[in-house]
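Letters go in sequence order (proteins before strands), and every chain restarts at 1. As a basis for the values below, the full set of heavy atoms in this structure was taken, side chains included, without hydrogen atoms, waters or symmetry mates.
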Amino acid sequence: MSAGAAPGAPGLEAAAIRAAELRGFLQRYGHEYYGLDAPSVADAEYDRLFRELQALEAAHAELRVPDSPTQRVGGAPQNGFAEWKHRQPMLSLNNAFDQSELEAFDKRVRESLDVDMVEYAVELKFDGLAMSLTYEEGVLVQAATRGDGATGEDVTANVRTIRTIPLRLAGTSLPRLMEVRGEVLLFKHDFVALNRRQAQAGEKEFVNPRNAAAGSLRQLDSRITAHRPLRFFAYGVGAIEGMESPATHAHLLDWFADFGLPVCDERALVSGAAGLAAFYASVGARRDALPYDIDGVVYKVNRLAWQRSLGYVSRAPRFAIAHKFPAQEEQTQVEDIEVQVGRTGAITPVARLKPVFVGGVTVTNATLHNEDEVRRKDVWRRDLVIVRRAGDVIPEVMMVAQAGPREVVDYFRMPTHCPVCQSEVVREEGEAIARCTGGLYCAAQRKQALLHFAQRRAMDIEGLGDKLVEQLVDADVVRTAANLYHLDLASLVALERMADKSAQNVLDAIGKSKATSLSRFVFALGIRQVGEATARDLARHFGNLDALITADEAQLAEVNDVGPVVAASVVRFFRQPHNREVVLQLRAAGVHWEEGAPQTGATGALAGKTFVLTGTLPNMSREDAKAQLEARGAKVAGSVSKKTDYVVAGAEAGSKLLRAQDLGVTVLDEAGLKNLLEPT
DNA sequence: GATCCTCGAGTTCT
DNA sequence: CTCGAGGATC
C-alpha cells in the first residue's frame with residue numbers, strides 16, 4: 001500500500017491534489033475498518049495518512065471542506081445542545097409482546113388493505129439511540145436525536161465523528177434533501193474495550209452499550225466522542241426532496257447501502273404472520289451471538305404505497321410494529337439488604353428485591369458480592385435499581401436508577417458480628433471479603449460445610465439438600481460430616497416433613513456415598529483453597545490419604561499448581577486435631593476408596609492436552625465428557641486461553657466459543673470429540 | 001515485578 | 001458466570 005510521502009512544502013495546487021488523494025484513502029480505509037470490519041491497513045498507517053491530511057489542511061485553510069475525514073475529530077466544547085425540529089416527526093412504534101398480538105397486527109393490516117397475504121420487510125430493533133441525519137445535495141449537514149419525536153437535540157458535531165456515517169453520500173444521482181433515520185449504537189466488543197480503557201484511565205465504566213452510546217453522543221466536547229467507537233445503522237427515511245424514493249422498504253435499504261450508508265445485513269422479506277414468527281424465533285436464538293444488543297425485531301409492510309394507505313394512528317404507524325424480546329434488564333426496588341454467611345465464613349451482602357420478571361424468570365434476590373461493591377454502586381435500601389440477567393443466568397444489580405428516601409436506616413453497614421453466631425467479623429488487610437471468625441462454631445458455616453461435603457462433585461449424597469441440612473444442624477443432630485454416617489431412621493423421621501420413605505432414601509444415599517475416590521474425599525473435606533482441581537492434583541500426587549496428611553509444606557509445594565498459600569492451608573487443616581478426628585471417624589464409618597502408589601505425570605492418548613467444554617452436547621453429558629477426557633490424561637479447564645488445545649462446543653455455546661474462534665483454537669463437536677476419544 | 005492463566009468461591013432459579 | 005487471588009512464567 002503506497003500512499004507516497006508528504007511533499008515538503010507543496011504549492012496550493014499540489015496540496016489540493018494530495019489532499020483529495022488522502023481523503024480518498026482515508027474514506028476507503030475507514031469504510032473497510034468500520035463498515036466491513038476488514039481493514040487493509042494498520043491503524044498506524046491510517047493515523048499517519050490522517051495526520052498528513054490534517055497538516056495540509058492546517059497549512060491551506062481553503063482545503064478544509066466539511067466532508068473531509070479530518071472534520072470527524074470534533075471541535076471544542078459547546079454550551080449545551082441547540083434544539084432541532086424534525087421536518088418529518090420521528091415516531092415510535094407500537095409493541096407486540098406475544099404471538100397473539102403479532103397475529104392481530106397482521107390481521108389488521110390485511111383487513112385494512114383488503115388482501116390475503118402481506119409481504120413484510122423484517123429487521124432488528126437495535127438497543128441504541130434513534131437519530132435523524134439530514135443530507136443536502138449528498139452532504140451531511142445536520143444530525144439530531146429523536147427527542148420527543150417532533151423536536152430533538154442538534155448533535156451534528158458529535159455525529160460527524162462517527163466514522164461509519166458518510167459525510168458525503170456516494171453516487172451521482174442524489175436527492176436534494178433527505179432525512180435518514182437510523183440508530184446509533186456501540187458494538188458489544190467495542191463496549192468492552194471502551195470500558196477497559198475507562199477503567200485504566202480511572203474513569204467511570206459504563207453500565208451497558210446503550211448507556212455508553214448515549215453518554216458519548218451527549219458529550220459537549222466532540223473530541224471525546226471521536227474516541228468512542230460508535231456505529232450507525234440506517235433503517236428509514238423522513239423528509240425527502242428532489243427524488244422519488246423506491247417502491248418498497250427493502251429497496252429503500254438497498255438504496256441506502258448504495259449511498260454508502262451502513263445498513264444492517266440481518267434483514268429479510270417474509271410473508272404472513274407465520275413468516276414474522278419464524279424471523280422472531282430465528283433472531284431470538286442468535287440474539288446473544290449478535291455483535292450488538294437488540295431488544296426485539298421490527299416488522300414493516302414492505303410496499304411503501306401500502307404503508308401510506310395504512311397511515312398512522314395517534315403517534316405510531318399502523319404499518320409497522322416492534323416485536324420485543326423479554327427484557328433482560330428491568331427496574332425494581334431494593335426491599336432490604338441482608339447478609340449471608342458462606343462456607344468459609346464469607347459475609348456476602350444480598351439485595352432482597354421486589355419480585356421482577358427479567359429474562360424469563362422472576363428475580364427476588366441478587367448478590368452484591370462484598371462491601372466495596374455496595375459502595376461502588378452506592379446501593380441503599382429502598383432505592384430503585386436496574387437488574388440484569390443477560391446471557392448470564394445470575395441476576396445482578398447493575399446500577400441505581402433512582403435513589404430512595406435514603407434515611408439512616410437505609411444505609412448498608414457491614415455487620416461487626418456474625419448474624420448467626422455473633423462471632424467477630426474481620427476483613428483482612430487488602431482483602432475484599434469480610435469473614436465470620438466463628439469457624440465451625442458458627443452454625444451457618446457448619447451447614448455450608450455439610451452441603452459442600454454432600455454435593456454431587458464431592459460425596460454425592462442425593463437428597464441431602466439445604467432444607468434437610470438446615471433441620472439437622474438446627475436440631476443439633478449432626479455437627480460434623482462423620483455424624484451423617486451414624487444417622488438412623490428414627491432421628492430423621494423425628495424431623496419435620498420427613499416420612500419413612502424419604503428418610504430411608506437419604507440413608508441409602510449416605511450408605512452409597514461410602515464408596516468414593518480419594519480426590520472426591522479430599523475435595524469434600526472443604527479445605528480452604530482446595531477445590532475440585534487441586535484435590536485431584538493432590539490425590540494423584542500422593543496416592544493415599546496418610547501421605548497427604550503427613551506431608552509438610554515443602555512436599556506439598558511439589559504438587560502442580562500448589563504454592564506456599566495452598567500448601568500452608570492444607571497443613572493448617574490437617575494440624576487441627578478435630579479435623580484429623582473427623583477423618584478417622586469417616587474412615588471408621590466405612591468411607592473408603594482405592595488407594596494407590598503416588599503417581600507423577602499422567603499418561604494417556606491425550607496426556608497434557610487442555611480441553612474446554614461449552615454448550616450442550618447431543619448425546620453426552622458434560623460431566624461424562626469431562627470424566628472420559630480426564631481418564632485419558634487430558635485436562636479440562638473452565639476458560640479458553642491460547643494454551644487451550646481444543647474447545648468442544650455443543651448447542652447454545654456462548655462466549656467461550658466466540659473466544660475460541662478469536663484465538664484460533666480448534667473447535668470440535670461431539671463427533672469430533674468421539675473421534676479423539678476412540679480413534680477408529 | 002508484571003502479566004497471564006487458572007482455580008476457588010459464591011450465587012439464582014427451575 | 002464473574003470476581004478475586006494464587007501460581008507460573010517471563
Rounded to whole angstrom units, what separation is found between the [atom1] atom of [X] and the [atom2] atom of [N]?
{"X": "E330(A)", "N": "dT12(B)", "atom1": "CD", "atom2": "C1'", "result": "17 Å"}
{"X": "D372(A)", "N": "dT2(C)", "atom1": "CG", "atom2": "C1'", "result": "16 Å"}
{"X": "L368(A)", "N": "dG10(B)", "atom1": "CG", "atom2": "C1'", "result": "13 Å"}
{"X": "K447(A)", "N": "dG10(B)", "atom1": "NZ", "atom2": "P", "result": "16 Å"}
{"X": "R457(A)", "N": "dA9(B)", "atom1": "CZ", "atom2": "P", "result": "10 Å"}
{"X": "M398(A)", "N": "dC1(C)", "atom1": "CE", "atom2": "C1'", "result": "16 Å"}
{"X": "F357(A)", "N": "dT12(B)", "atom1": "CZ", "atom2": "P", "result": "18 Å"}
{"X": "K377(A)", "N": "dT2(C)", "atom1": "NZ", "atom2": "P", "result": "12 Å"}

With a cut-off of less than 4.0 Å, is there a side-chain N or O of [X] near OP1 or OP2 of [N]?
{"X": "T367(A)", "N": "dT12(B)", "value": "no"}
{"X": "T348(A)", "N": "dT11(B)", "value": "yes"}
{"X": "R343(A)", "N": "dA9(B)", "value": "yes"}
{"X": "T534(A)", "N": "dG8(B)", "value": "yes"}
{"X": "T364(A)", "N": "dC13(B)", "value": "yes"}

Report yes if some heavy atom in the side chain of [X] is under 4.5 Å from a heavy atom in the side chain of [Y]; otherwise report no.
{"X": "T364(A)", "Y": "P355(A)", "result": "yes"}
{"X": "D293(A)", "Y": "F191(A)", "result": "no"}
{"X": "E396(A)", "Y": "K377(A)", "result": "yes"}
{"X": "Q585(A)", "Y": "E581(A)", "result": "yes"}

Just compare [options] and give me whichever is closest to any side-chain atom of [X].
{"X": "V350(A)", "options": "dG8(B), dT12(B), dG10(B)", "answer": "dT12(B)"}
{"X": "A533(A)", "options": "dC7(B), dA9(B), dC13(B)", "answer": "dC7(B)"}
{"X": "Q340(A)", "options": "dC13(B), dG10(B), dT11(B)", "answer": "dT11(B)"}

Between R536(A) and D561(A), does any NZ, NE, NH1 or NH2 come within less than 4.0 Å of an OD or OE carboxylate oxygen?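 No salt bridge links D561(A) with R536(A).
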
Among R382(A), R381(A), R352(A), whose side chain to side chain donor-acceptor pair (under 3.5 Å) with D336(A) holds?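 When side chain to side chain donor-acceptor pair (under 3.5 Å) is applied between D336(A) and each of R382(A), R381(A), R352(A), only R381(A) qualifies.
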
Of T344(A) and V363(A), whose closest DNA chain B nucleotide lies nearer the 5' terminus?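 It is T344(A), whose closest nucleotide lies nearer the 5' terminus.
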
Treating primed atoms plus P, OP1 and OP2 as sugar-phosphate and everything else as base, which nucleotides of nucleotides 3-10 of chain C get B, S or - for protein heavy atoms under 4.0 Å? --SSSS--

What residues from residues 461-473 of chain A pass a heavy-atom cutoff of under 4.0 Å to DNA chain B?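 Within residues 461-473 of chain A, no residue comes under 4.0 Å of DNA chain B.
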
How would you list all residue pairs meeting side chain to side chain donor-acceptor pair (under 3.5 Å) that involve residues 461-472 of chain A, not counting sequence neighbours?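 Qualifying pairs: K447(A)-E470(A).
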
Kindly assign one of parallel, tilted or perpendicular to the pair F453(A) and Y485(A), based on the angle between their ring planes and the thresholds 30° and 60°.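 Because their plane-to-plane angle is over 60°, the rings of F453(A) and Y485(A) count as perpendicular.
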
Output yes when a side-chain donor or acceptor of H323(A) lies under 3.5 Å from a complementary backbone atom of Q99(A), and no otherwise.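 Side chain of H323(A) to backbone of Q99(A), a donor-acceptor pair under 3.5 Å: no, none is there.
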
Heavy-atom closest contact (P349(A) atom, I337(A) atom, distance):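 Of all heavy-atom pairs spanning P349(A) and I337(A), the closest is CB-CG2, 4.2 Å.
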
